[in-house]
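The structure appears right after this line, and notes come after that.
Excluded from the calculations below are hydrogen atoms, water molecules and symmetry mates; all remaining heavy atoms, backbone and side chain alike, are included.
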Amino acid sequence: MRNFLQTLRDAIKGTEENLTEIPLNRAIILLAVPMILEMVMESLFAVVDAFFVAQVGPQALTTVGLTESVMFLVYSLGIGLSMAATAMVARRAGEGDVEGASIAAGQAIWLGVMLSILVAVLGVGFADDILRLMGGSEELIINGVNYTRIMFGTNIVIMLIFLLNGIFRGVGNAAIAMRTLWLSNGINIVLDPCLIQGIGPFPELGLEGAAIATSIGRGIGVLFQLYHLFNGKAVLKMMRRHFVWVSEIITKLVSVGAGGAGQYLISSASWIFLMRIMAEFSEEVVAGYVVAIRIIIFAILPAWGLANAAATLVGQNLGAKAPDRASKAAWTTAFYAMLYLLILSGASIWGAPYIVAFFGQTGEGLQAGVEALQTICIGYVFYAYGMVMIQALNGAGDTRTPTLVNFICFWLVQVPIAYGLAVYADWGPQGVYWAIVIASAFYAAVSIWFFQRGKWKEVAI
């Protein structure tokens, strides 16, 4: 117990050790604890943001849901790039090549900035068309288009905060990534009610205030990251020379990142399709569904912290020529994630009516939110193994296999079943919820099968 508590303190403090040589359980704790705490804050912000936006009204919450569905699609590109950066930085770190890790990080930042500029131009220019395409009413577009414009226009801070955190995770410094999100999301949580409701000296901006709070909080988080990259005492310290354009590395990042982006584009696009199906029902039903999804994000994100730890451990151990240890790290982490989500599933089923009601949902919205939460959480246990195995493959630099898995599970399984059950079988929203559960189970089975084949051990990056 004393050793466990000491390891826990070291994890929160940010002790840097060679993750390829220390005991595996200690390595998992050193990486997973700050990543879990990082994701706890990220999920807490999602829930708090939904709570205050819900006070504005169902239409505002629907606007957020429609905008975020498309934003997820856009950020798939950034997530893919972040995944490539994590894999390449982790591999170089495992090889002991700190200079190579720094150069890879510099190239990833170049690509992230260019991508953000493109997204901003397109998103701001076509904000009203995006909401209209997603099924938003003309009244919703008039009232919510500025929120959508702000979110797209300031996307660079969100893009960079996750990209830079991916770089820190790759080198094994998960504590800085944790502190970044605690800082940025802490500021978000404070500013949200102030700017939405006009508390104290702040103007009452309504829905637009939520977007501004997010941009300010993320922006401060990026400044914190840049300080540690250029002036900190971490292993990875960026210099001007690391930002010189290196075509070979750029090409490799684009290649690996394309696979990572592809898998998230596929999954995000499927969620957009599900949201489009839900938009056929009343705004109250959509609002209840959005609340349920936010709660689910709150529940699942800490498990993603474990999955991200597996990605780093797999990448670094492959760099250290220890594929068996990499495999064991993935299986051990997946087991811990399953236990966590199993407990959470039971809590979600029991507490759904109280949790959804807390977010101001009543009547039709409350019923839809409770049904969504109680049904979807059945798939938690399956999803635990799926997410860890997929992240392990990504950490090895094999981003193409997860892309194939996502296409099969989300587009050949989840989308057709959702549409068939909700529309043709006349199940309504319940058809969407059960399609998610079925797809989660299939996702886990396919992911495990690909991981057990072991071809990811041969990937060069």
Side-chain angles (χ1 to χ4, degrees), residues 14-22 27 30-31 34-35 38 78-113 160-180 222 224-257 259-260 308-323 325-326 329 391-392 394-399 456 459-461:
T15 302
E16 294 183 349
E17 298 184 27
N18 189 329
L19 301 175
T20 64
E21 296 180 354
I22 62 176
L30 288 179
L31 279 175
M35 288 182 182
E38 172 190 346
I79 291 171
L81 178 58
S82 175
M83 193 182 304
T86 298
M88 187 172 289
V89 169
R91 189 69 67 92
R92 298 292 88 79
E95 295 168 350
D97 183 7
V98 177
E99 179 70 9
S102 299
I103 294 174
Q107 309 310 298
I109 293 172
W110 266 118
L111 290 174
V113 170
L160 284 179
I161 202 166
F162 289 109
L163 172 60
L164 295 176
N165 269 358
I167 292 171
F168 283 123
R169 292 190 199 103
V171 81
N173 200 330
I176 291 180
M178 173 192 70
R179 292 170 191 152
T180 297
V222 170
F224 177 79
Q225 291 172 313
L226 293 176
Y227 167 79
H228 282 282
L229 274 178
F230 289 99
N231 301 303
K233 299 178 180 179
V235 170
L236 189 70
K237 186 172 182 179
M238 304 296 294
M239 302 288 185
R240 184 178 300 178
R241 67 177 182 274
H242 299 140
F243 290 92
V244 175
W245 189 274
V246 182
S247 298
E248 182 181 355
I249 296 178
I250 290 289
T251 301
K252 177 61 74 172
L253 283 170
V254 170
S255 176
V256 177
N308 288 334
T312 298
L313 286 172
V314 167
Q316 289 205 11
N317 280 288
L318 285 180
K321 311 300 182 185
R325 179 180 166 92
Q391 283 299 90
N394 287 325
D398 178 13
T399 57
W456 53 271
V459 175
I461 180 173

Ignoring hydrogens and angles, tell me if any N or O in the side chain of T20 forms a donor-acceptor pair with the backbone of A320 under 3.5 Å.
no
Euclidean distance, L31 CG relative to N308 CG, rounded to 0.5 Å:
10.0 Å
Restricting to non-hydrogen atoms, name the atom on A104 and the atom on I249 that form the minimum distance, rounded to 0.1 Å.
CA-CG2, 4.1 Å
Exercise: identify the closest heavy-atom pair between S82 and F162
OG-O, 3.2 Å
Between atom CE of M35 and atom OG1 of T312, what is the distance when rounded to the nearest 0.5 Å?
4.0 Å
Do N394 and T86 pass the side chain to side chain contact (heavy atoms under 4.5 Å, CB included) test, and can you show the C-alpha distance, the side-chain angles, and the key distance before you say yes or no?
CA-CA 9 Å; N394 287 325; T86 298; over 6 Å; no
Do the side chain of S102 and the main chain of V98 share a donor and acceptor less than 3.5 angstrom apart?
yes
Please give me the minimum heavy-atom distance between G257 and A84, naming the atom from each residue.
N-CB, 3.5 Å
Side chain to side chain contact (heavy atoms under 4.5 Å, CB included) between Q225 and V222, intermediate numbers included:
CA-CA 5 Å; Q225 291 172 313; V222 170; 3.9 Å; yes
Between the CG atom in N173 and the CG atom in L30, the distance rounded to the nearest 0.5 Å is 11.0 Å
Atom pair CD (E99) and NE2 (H242), whose distance is rounded to the nearest 0.5 Å:
3.5 Å
For the CE atom of M238 and the CD1 atom of I103, what is their distance to the nearest 0.5 Å?
9.0 Å
Kindly indicate, with the supporting measurements, whether the criterion side chain to side chain contact (heavy atoms under 4.5 Å, CB included) is fulfilled by M88 and V256.
CA-CA 9 Å; M88 187 172 289; V256 177; 5.6 Å; no
Side chain to side chain contact (heavy atoms under 4.5 Å, CB included) for L229 and I109? Distances and angles first, verdict last.
CA-CA 12 Å; L229 274 178; I109 293 172; 4.2 Å; yes
For the student: nearest non-hydrogen atoms of L163 and A108, plus distance
CD2-O, 3.4 Å
Taking all non-hydrogen atoms of both residues into account, name the closest pair between L313 and A27 and its distance.
CD2-CB, 3.8 Å
Residues in side-chain contact (heavy atoms from CB on, under 4.5 Å) contact with A311, at least two apart in sequence or another chain
Q391
Once you round to the nearest 0.5 Å, how far does CG of L318 lie from CD of Q316?
10.5 Å
Does G170 offer a backbone N or O that forms a donor-acceptor pair with the side chain of R91 under 3.5 Å?
no
In terms of heavy-atom contacts, Q107 and L253 come closest through CB-CD1, 3.6 Å
